[in-house]
Amino acid sequence: MDIGVEQVRRYRLRGHHLDRKLPPKDLLAAAGACGVQNSPPGAWEAALFNRLEDCCLRDLRWALEEEKTLLQAWSYRGVPVVFPTAESGVFLTPLVARPGEEPWIYTRGITLALDFLGMTFEELLPLVEEAVRTCLADQSIRSKEALDQALADAVCPGLPPEKQALWDAPSMYGRPDWQTVGGAVVSFLLRPCAFSSLVVFGARQEGSPVFTSFSAWTGQEPAPCPDGERELVRKYLRCYGPSTAADFAAWLGSSPKQARRLWNSLAEELVPVQVEGRTRYLSAGELDALTESGGEEERLLLLGPHDPYLDLRDRWVVLPDPALQRRVWRTVSNPGALVQDGKILGTWTAKVRGERMELRIDTWDELTTWQRRQVEEQAQAYAAFRERELAAFCLDREH
């Protein structure tokens, strides 16, 4: 079956709930489509602003910090992700690697510390897990640096005597004046600990993240999800399909071996399709949704940096020009993206000065009068969502 790239974009917009806004009562559906990255802090709020009617910061933070129907934890690619608390069995548990499936992309850098200590990943992970289990059972720790060192101090007494001095030596990463080798090891291994629900994010305090355990934060143990591995792949395909096992592995940040196992758990449901001459796969039950015609209300979106829709691996689907891709997906400090009909039309950035916001939009081509009006309305709405006055608005074409 041949599928046009326009159909792919339309399908993905629906999967991400970007074809039309959902009512406020569907907050969990919006956040649970594929989880919402929260790096940089606040990215999850911007994403849900584009997916929910009458979205306000107070309601989002209430769901995350008071009602706790939403949860934040390190998930795929080791990034902080906000997702429905009841779906930890989808967004956390399936990411636990089986023997021989390490490393994850975000733990590869640990090799320097392991070589220095003369210890293995498999030796240290259980020690760090036990330290996390003990330290966070009934308390919270403010700031990532404090968490790393508290856990490193808890691990040290259980190491062989000849390893303890090495463990407490200055780190070979970044800031040896405040981080030890043990603190660096803990920092790498906290992500795998999160997959076992041993560490999650609590409510921020004075701008700093706070860490605790799933059970201490929610007052309950994680709900098991026997079909969690397959459901994780289904969620990925609803938002990024048709796709491939390699792109799925890149989205997860896992080893190819682990990604292939998860992908193959859904093998009997997958069917091949052709997209621009490329073979891709989709769940058979989604074929009708992929091929159905449009008809959705035309929307112009200001998607924030690291919005889930922009987290695709096949970037040519939304922006064919490689030079323009480099303006959207940067090594650091990605801008937001101006999107219409699933295609990226330009980038945007915002600066906040006290109670005032300045927003700049740069487009690849001239916009129509309708588009310019829609962009300014979206800018005004976003500033209001952030509880700021839109003090300056600049719309320009890149040259």
Side-chain angles (χ1 to χ4, degrees), residues 12-13 16-24 26-27 29-31 33 35-64 70 72 80-82 204 207 296-311 318-319 327-330 333-364 367-398:
R12 292 182 183 181
L13 285 172
H16 283 276
H17 302 299
L18 289 172
D19 56 330
R20 58 173 62 88
K21 286 193 174 186
L22 296 172
D26 290 335
L27 167 60
V36 190
Q37 179 172 332
N38 192 33
S39 176
W44 77 283
E45 298 162 343
L48 292 176
F49 160 76
N50 279 296
R51 290 160 171 81
L52 292 170
E53 297 174 349
D54 303 319
C55 188
C56 71
L57 290 174
R58 182 187 65 248
D59 292 344
L60 296 183
R61 292 170 183 170
W62 177 267
L64 181 67
L70 292 177
Q72 182 179 185
V81 174
V82 174
R204 291 179 71 87
E296 295 88 352
E297 178 185 353
E298 190 174 23
R299 293 187 66 199
L300 196 148
L301 303 164
L302 291 178
L303 298 185
H306 300 288
D307 185 276
Y309 182 76
L310 304 176
D311 201 14
V318 297
L319 188 59
R327 300 186 192 181
V328 177
W329 293 281
R330 303 174 182 174
S333 301
N334 285 359
L338 176 65
V339 174
Q340 184 178 358
D341 298 330
K343 297 178 288 187
I344 298 179
L345 306 184
T347 62
W348 68 274
T349 55
K351 292 182 180 179
V352 175
R353 305 179 189 276
E355 299 301 313
R356 297 156 66 88
M357 175 180 288
E358 300 174 1
L359 200 147
R360 177 183 178 87
I361 299 174
D362 295 288
T363 64
W364 320 137
L367 300 185
T368 66
T369 300
W370 178 88
Q371 288 173 321
R372 295 176 71 89
R373 185 170 60 250
Q374 289 293 309
V375 168
E376 187 163 4
E377 288 178 1
Q378 285 295 308
Q380 291 281 2
Y382 181 71
F385 167 72
R386 286 295 184 192
E387 302 174 348
R388 299 288 190 273
E389 174 193 353
L390 186 61
F393 172 74
C394 178
L395 176 58
D396 197 9
R397 177 183 174 183
E398 288 195 8

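Since the structure is predicted, the reported quantities are computational estimates derived from the model, not experimental observations.
- Between the CG atom in Leu319 and the CH2 atom in Trp329 there is a gap of 5.5 Å [rounded to 0.5 Å].
- Rounding to the nearest 0.5 Å places CG of Leu345 at 8.0 Å from OG1 of Thr363.
- Side-chain contact between Glu45 and Phe385 is present, with at least one heavy-atom pair separated by less than 4.5 Å.
- Contact between Cys55 and Leu60 at its shortest, heavy atoms only, is SG-CD1, 3.7 Å.
- In plain terms, the two heavy atoms of Ala47 and Pro308 that are nearest each other are CB-CD, 3.9 Å.
- Nearest heavy atoms, Ile361 versus Trp348: CG1-CB, 3.7 Å.
- Using a distance-only test at 3.5 Å, with no hydrogens or angles considered, a donor-acceptor pair links the side chain of Tyr309 to the main chain of Gly342.
- Checked against salt bridge (charged side-chain N to carboxylate O under 4.0 Å, His left out), Glu387 has no partners two or more places apart in sequence or in another chain.
- Under the 4.5 Å side-chain criterion, counting only non-hydrogen atoms from C-beta, Gln340 is not in contact with Arg299.
- Side chains of Phe393 and Val375 form a contact here, defined as non-hydrogen atoms less than 4.5 Å apart.
- A salt bridge links Arg360 with Asp396; the closest basic N to acidic carboxylate O contact falls under 4.0 Å.
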From CA spacing to verdict: side-chain contact (heavy atoms from CB on, under 4.5 Å), Asp362, Thr349: CA-CA 9 Å; Asp362 295 288; Thr349 55; 5.8 Å; no

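- The two residues Gly35 and Val81 come nearest to each other via the heavy atoms CA-CG1, 3.8 Å.
- Side-chain contact check for Gln374 versus Glu377: some heavy-atom pair is nearer than 4.5 Å.
- Nearest heavy-atom pair across Gly42 and Arg386 is O-NH2, 2.8 Å.
- Put simply, the side chain of Leu18 reaches to within 4.5 Å of the side chain of Leu303, judged on heavy atoms.
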Criterion side-chain contact (heavy atoms from CB on, under 4.5 Å) on Trp62 and Leu70, from CA distance to verdict: CA-CA 9 Å; Trp62 177 267; Leu70 292 177; over 6 Å; no

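- Residues Gln72 and Leu64 form a side-chain contact, since some pair of their non-hydrogen atoms from C-beta on lies under 4.5 Å apart.
- With hydrogens and angles ignored, the 3.5 Å screen pairs no side-chain donor or acceptor of Arg353 with any backbone N or O of Arg356.
- One N or O on the side chain of Asn334 and one on the backbone of Arg330 form a donor-acceptor pair closer than 3.5 Å.
- The two residues Pro24 and Glu53 come nearest to each other via the heavy atoms CG-O, 3.4 Å.
- Here the straight-line distance linking atom NZ of Lys351 with atom CZ of Arg388 works out to 16.0 Å at 0.5 Å rounding.
- Between Asp307 and Arg51 a salt bridge is recorded (basic side-chain N to carboxylate O distance below 4.0 Å).
- Using a 4.5 Å cut-off on side-chain heavy atoms (C-beta onward), Val318 and Val328 make no contact.
- Inter-residue side-chain proximity for Val339 and Leu300 is flagged as unmet; no heavy-atom pair is nearer than 4.5 Å.
- Here Leu13 contributes atom CG and Lys343 contributes atom NZ; the two are 11.0 Å apart, rounded to the nearest 0.5 Å.
- To the nearest 0.5 Å, the span separating CG on Leu48 from CG on Leu57 amounts to 10.5 Å.
- More than 12 heavy atoms of other residues, nucleotides or ligands shown are found within 6.0 angstrom of NZ on Lys21.
- Panel note: side chain Gln37, backbone Ser39; a donor-acceptor pair is recorded below 3.5 Å.
- For the atom pair Gln371 CD and Leu338 CG, the distance stands at 8.0 Å (nearest 0.5 Å).
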